[in-house]
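Worksheet: one structure, shown below.
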Amino acid sequence: MKTQNFINGRWVDARSGKTFENRNPARKDDLVGKYPDSSEEDVAEAVAAAEKAYASWRLVPAPRRGELLYRVGEILKGRKEDLAKVMTREMGKVLKETRGDVQEGIDTAYYAGGEGRRLFGQTVQAELPNKAAYSMRQPVGVAGLITPWNFPMAIPTWKMFPALICGNTVVLKPASDTPASATLLMEAMEEAGFPAGVVNLVHGSGRVVGGAIVGDTRVKVISFTGSTEVGKQIAQQCGATLKRLSLELGGKNAQLVMEDADLDLALEGALWGAFGTTGQRCTATSRLILHESIAKDFTERLVERARKLRLGDGLDESVEVGPVLNAGRIAAISEYIEIGKKEGARLALGGAAATGGALAQGSFFQPTVFDGVKPGMRIAQEEIFGPVISVITCKSYEEGIDILNGTVYGLSSSIYTRDVNRAQRAIRDIEAGITYVNGPTIGAEVHLPFGGVKETGNGHREAGTTVLDVYTEWKSVYVDYSGRLQKAQIDV
Ligand code: NAD
């Protein structure tokens, strides 16, 4: 398994020779590998390679670019199982979820590859005679892609494949917690036959490597997925030069369960939404808003089911909940447990690191349920990013929606109800980029826009065809074939 940067079609160490360690969160003594602790110099080299490659890559017909993406899709498909195992080993989520993560990359390869034969503009009627008018997409240039660790295959591919199909070249900086997944992805890109410099990978810290990518004037567009805090810093940096920027940030997603809902279904949804990926999803269900008439019973059932979830090494197929990322995350989640208790919420389940038996070798946290949570409490407002769910009650649909909308975030949302009118109102009234009806807050598909409102982002969307707007500039074209000077708005 390679453990280097990939710059200009070659595998290279950091110029400084420095490295950092990548460890398995389920077994801290398991060293996955040592990766380059790169500096500004390495970034400059990667950006130079991407800039040079852009001159010819932008001229490759998009359907040909698409064929390379199909090839990557095939390679990822053939290696799905091997990739999933490495991903689980380096970031902890259970195998069936890392398989899903790879599948998202495969789906994106085919979807973006197909876009090579579309990339539609509009042909419209000109207002003057003997004149043609149409709009077309053009690539932006070098794209800097900065990604988090929780979807180490899906998120880099969501960014890289659309960027490439549009004719951009890329420099990818993956999270330093998941360098192996990004390296395996780059190996697949190399094997598929992308020309040297079209795709580049630079490992290292967010501040140094990420900062250098954002600050490089040759990088024309930044796509960042990560915390709202870092996203805001990057937005300030990009604002100084008006650099194009797409931000996909945090969430505080809620599932609203009305009294008329299929409660068994809603319970399955809450369990999967809150504790899938150990709660470490931007779309995780971290608030459960229950109609007061069903709240007591539903919470008891939730606690009983969550108590039985099987924690352990995600490589073990029988495990349901893997570790959290590292000891730092245990400390951060524990701090929120204390905050919740001080605020007066009732700890109905969990609330501490899980350390029994083999769990002591890794960073595990007990599935946690807070009950009696008030909408304004910090545990109901701030992203905890762990296996913690806050249960809030409401007296009516209207109050439920107010609570659901009452945070600075707006990524995903869910309502369980059998009343079709109520479901339609919720779809209209919820302030979020994604709304599920009778499904949990997680489960996005790659051919629909993905992203959120308010402090979850800056108005862009990944996936679907909407992502093409991040990686292309619109050009309007007028072809006057009248053979004379015609003046729009004046020759009327
Ligand atoms: P993070 O913000 O700490 O890091 C994200 C990436 O940014 C990493 O590659 C990191 O190295 C880099 N980085 C850190 N500081 C930087 C800086 N100053 N300049 C440039 N780059 C920098 O986030 P994380 O802990 O990796 O991921 C968890 C967060 O990501 C959560 O808030 C989660 O909600 C969010 N997330 C959002 C989405 C979405 O699509 N909305 C998807 C997944 C995760």
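For reference, positions follow the sequence shown, starting with 1.
Checking T466 against R461 by side-chain atom types alone, no donor-acceptor pair falls below 3.5 Å. Side-chain contact of T417 with D419: a donor-acceptor pair under 3.5 Å is absent, judged by distance alone. There is a side-chain donor-acceptor pair under 3.5 Å between E382 and Y336. No side-chain donor from either of T225 and T147 sits under 3.5 Å from a side-chain acceptor of the other. Between the side chains of E90 and N22, at least one donor N or O lies within less than 3.5 Å of an accepting N or O.
Judged by distance alone, the side chain of N405 and the main-chain N or O of D429 form a donor-acceptor pair under 3.5 Å. With hydrogens and angles disregarded, no donor-acceptor distance shorter than 3.5 Å links the side chain of E473 to the backbone of R137. A donor-acceptor pair is defined here as one N or O able to donate and one able to accept, closer than 3.5 Å; no such pair exists between the side chain of H447 and the backbone of Y111. At distances below 3.5 Å, at least one donor-acceptor pair connects side-chain atoms of T278 with backbone N or O atoms of G322. A donor-acceptor pair under 3.5 Å is absent between the side-chain atoms of E259 and the main chain of S293, judged by distance alone. A donor-acceptor pair under 3.5 Å links the side-chain atoms of K243 to the main chain of D216, judged by distance alone. Counting only distance, with no hydrogens or angles, the side chain of H460 and the backbone of L245 share a donor-acceptor pair below 3.5 Å. A donor-acceptor pair is defined here as one N or O able to donate and one able to accept, closer than 3.5 Å; such a pair exists between the side chain of T407 and the backbone of Y409. Judged purely by atom type and a 3.5 angstrom limit, T441 uses its side chain to pair as donor or acceptor with the backbone of T283. No donor-acceptor pair under 3.5 Å is formed between the side chain of R244 and the backbone N or O of V221.
Shown here are the side-chain contact (heavy atoms from CB on, under 4.5 Å) partners of T88, two or more places apart in sequence or in another chain: L95, T98, L315. With sequence neighbours excluded, the residues satisfying ring-ring contact (aromatic ring centres under 6.0 Å, His included) with F6 are W11. The side-chain contact (heavy atoms from CB on, under 4.5 Å) check on Q122 picks up V124, S135, with sequence neighbours excluded.
Taking the six-membered ring for Trp and the full ring otherwise, F385 and W149 have centroids separated by under 6.0 Å.
Considering only heavy atoms from C-beta on, I106 comes within 4.5 Å of K80 through its side chain. Proximity of M189 to I75: side-chain heavy atoms (C-beta onward) are nowhere separated by under 4.5 Å. Taking the side chain as every heavy atom from C-beta outward, N200 and V170 never approach each other to under 4.5 Å. Using a 4.5 Å heavy-atom cutoff, the side chains of L267 and R305 are in contact. Between E97 and V94 the shortest side-chain heavy-atom distance falls below 4.5 Å. Side-chain contact between I222 and C238: present, with at least one pair of heavy atoms (C-beta onward) separated by less than 4.5 Å. Using a 4.5 Å cut-off on side-chain heavy atoms (C-beta onward), T456 and T228 make no contact. Taking the side chain as every heavy atom from C-beta outward, I392 and L290 never approach each other to under 4.5 Å.
In this structure, the separation between OH on Y416 and CD on E268 is 9.0 Å, given to the nearest 0.5 Å. Separation of atoms CD (E248) and CD (E462) is listed at 4.5 Å; rounding is to 0.5 Å. Rounding to the nearest 0.5 Å places OH of Y397 at 5.5 Å from CD1 of I415. Atom CZ in F450 sits 4.0 Å away from atom CH2 in W158 (nearest 0.5 Å). Rounding to the nearest 0.5 Å places NZ of K252 at 7.5 Å from CZ of R287. Rounded to the nearest 0.5 angstrom, I155 CD1 and L172 CG are separated by 11.5 Å.
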Would D313 and R27 count as a side-chain contact (heavy atoms from CB on, under 4.5 Å) here? Give the steps. CA-CA 8 Å; D313 185 339; R27 285 180 290 120; 3.4 Å; yes
Before you tell me yes or no, could you show the steps for V230 and I234 under side-chain contact (heavy atoms from CB on, under 4.5 Å), namely the whole-Å CA-CA distance, both residues' side-chain angles and the distance that decides it to 0.1 Å? CA-CA 6 Å; V230 174; I234 292 178; 3.9 Å; yes
Pair E320-K308, salt bridge (Lys or Arg N to Asp or Glu O under 4.0 Å): steps then yes or no: CA-CA 10 Å; E320 292 166 294; K308 293 196 188 104; over 6 Å; no
Does the pair S413 and T435 meet the rule for a side-chain hydrogen bond (donor to acceptor under 3.5 Å, both in side chains), with working shown? CA-CA 5 Å; S413 56; T435 295; 2.9 Å; yes
For side-chain hydrogen bond (donor to acceptor under 3.5 Å, both in side chains), just list the numbers for T277 and K93, CA-CA rounded to whole Å, side-chain angles, deciding distance to a tenth of an Å, and then say yes or no. CA-CA 5 Å; T277 325; K93 68 184 172 190; 5.3 Å; no
Evaluate M160 against L145 for side-chain contact (heavy atoms from CB on, under 4.5 Å), listing each step before the verdict. CA-CA 7 Å; M160 195 154 66; L145 314 178; 4.0 Å; yes
Starting from the C-alpha separation in whole Å, work towards a yes-or-no answer on salt bridge (Lys or Arg N to Asp or Glu O under 4.0 Å) for R118 and E115. CA-CA 5 Å; R118 290 184 291 269; E115 202 51 47; 3.2 Å; yes
Go through the steps for E317 and K96 under the test salt bridge (Lys or Arg N to Asp or Glu O under 4.0 Å), then give the verdict. CA-CA 8 Å; E317 297 273 5; K96 67 174 182 224; over 6 Å; no
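Under 4.0 Å is where a charged nitrogen must lie from a carboxylate oxygen, and between R301 and D264 at least one such pair does. R418 has no carboxylate O lying under 4.0 Å from a charged side-chain N of D260, or vice versa, which leaves the two without a salt bridge. Here K296 pairs with E300 in a salt bridge; the nearest charged N to carboxylate O distance falls below 4.0 Å. Checked for salt-bridge contact, R378 and E343 miss the test: no charged N lies under 4.0 Å from a carboxylate O. Between E338 and K341 there is a salt bridge, since a side-chain N of the basic residue sits under 4.0 Å from a carboxylate O of the acidic one. Taking the charged nitrogens against the carboxylate oxygens, R89 and D30 do have a contact shorter than 4.0 Å, which makes a salt bridge.
Between F20 and H203, the two ring planes are perpendicular [angle over 60°; tilted spans 30° to 60°].
Contact record, V257 with Q255: CG2-NE2, 3.5 Å, taken as the closest heavy-atom pair. Here the closest heavy-atom approach between residue G269 and residue P440 is recorded as O-CB, 3.4 Å. Shown here for M91 and T178, the closest heavy-atom pair between the two residues is CB-CG2, 3.7 Å. When every heavy atom of A192 is checked against every heavy atom of V72, the shortest pair comes out as CB-CG2, 3.5 Å. Residue G105 comes nearest to F161 through the heavy atom pair O-CE1, 3.5 Å, listed as atom of the first residue, atom of the second, then distance. G400 and L256 get closest at one heavy-atom pair: CA-CD1, 4.0 Å.
Atom CD of E335 is surrounded by 12 or fewer heavy atoms from other residues, nucleotides or ligands within 6.0 Å.
Cation-pi geometry between K173 and F224 is not met: the NZ or CZ atom fails to fall both under 6.0 Å from the ring centre and inside 45° of the normal.
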